[in-house]
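What follows is one structure encoded as structure tokens, with my remarks underneath.
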Amino acid sequence: MNTVPAPALDPLELGVSLHNGGVDVAVHAPLAERVDVCFFEGGHETAWSLLRSPQGIWHGHVPGIGEGAKYGFRAWGEWRPSDGLRPNP
């Protein structure tokens, strides 16, 4: 497991965008305990733990990722479907 080496340039810019030789990632998940962004290439998965902002936005810059990369998110937290909480680590 890797932790992103730097915050996103603008943590309030939600989504995934190309910046400075990599991608900035930001996702709003205020009730999550942890959020990872995972990149998939050639049957291999590389996961990066994102940083949490006070606003509940998980974000970071992942170097070396280019346009067209396949990715997904894993959210960690309490499982409470009756309240709409369905994390998926």
Side-chain angles (χ1 to χ4, degrees):
M1 175 63 57
N2 304 300
T3 299
V4 292
L9 186 62
D10 179 2
L12 299 179
E13 182 184 338
L14 298 178
V16 179
S17 53
L18 296 171
H19 287 286
N20 302 326
V23 292
D24 279 1
V25 178
V27 61
H28 186 248
L31 299 178
E33 295 170 5
R34 183 174 112 202
V35 175
D36 300 337
V37 61
C38 306
F39 295 94
F40 305 94
E41 184 177 353
H44 179 72
E45 175 183 341
T46 304
W48 296 84
S49 284
L50 299 174
L51 307 171
R52 188 182 193 286
S53 77
Q55 298 85 5
I57 297 173
W58 295 83
H59 64 95
H61 178 79
V62 183
I65 304 295
E67 186 174 351
K70 292 176 176 50
Y71 67 92
F73 295 99
R74 295 188 192 281
W76 302 78
E78 183 180 355
W79 178 262
R80 236 176 36 227
S82 61
D83 294 326
L85 300 177
R86 294 178 176 90
N88 184 24

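Note: hydrogens, waters and symmetry copies are ignored here, and every other heavy atom, side chains too, is used.
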Tell me, please, which residues at least two apart from E78 pass side-chain hydrogen bond (donor to acceptor under 3.5 Å, both in side chains).
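With sequence neighbours excluded, E78 shows a side-chain hydrogen bond (donor to acceptor under 3.5 Å, both in side chains) to R80, given in chain and number order.
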NZ on K70 to SG on C38, rounded to 0.5 Å
15.0 Å
Remaining members of hydrophobic cluster (4.5 Å side-chain criterion), L12:
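L14, I57, all in the cluster of L12.
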With side chain to side chain donor-acceptor pair (under 3.5 Å) as the rule and sequence neighbours excluded, what pairs involving residues 1-16 come up?
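Of all non-adjacent pairs touching residues 1-16, those that pass side chain to side chain donor-acceptor pair (under 3.5 Å) are E13-S17.
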If a pair satisfies side chain to side chain donor-acceptor pair (under 3.5 Å) and one of its residues is in residues 57-68, list it, with sequence neighbours excluded.
D24-H61
Should V4 and F40 be counted in the same cluster of Ile, Leu, Val, Met, Phe, Trp and Tyr side chains packed under 4.5 Å apart?
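No; F40 is not reachable from V4 via cluster members.
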V25 with W76, same ILVMFWY side-chain cluster at under 4.5 Å
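Each belongs to a different hydrophobic cluster.
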Heavy-atom pair of closest approach, residues P63 and P5
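So the two residues come closest at CD-CG, 3.8 Å.
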Nearest heavy atoms of E33 and G77, plus distance in Å:
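So the minimum-distance heavy-atom pair works out to CD-CA, 3.6 Å.
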All pairs passing salt bridge (Lys or Arg N to Asp or Glu O under 4.0 Å) where residues 42-65 contributes a residue, at least two apart:
E45-R74
For side-chain contact (heavy atoms from CB on, under 4.5 Å), just list the numbers for Y71 and I65, CA-CA rounded to whole Å, side-chain angles, deciding distance to a tenth of an Å, and then say yes or no.
CA-CA 10 Å; Y71 67 92; I65 304 295; over 6 Å; no
Mind checking side-chain contact (heavy atoms from CB on, under 4.5 Å) for P81 and listing every partner two or more places apart, or none if nothing turns up?
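Listed in chain order: W79, R86.
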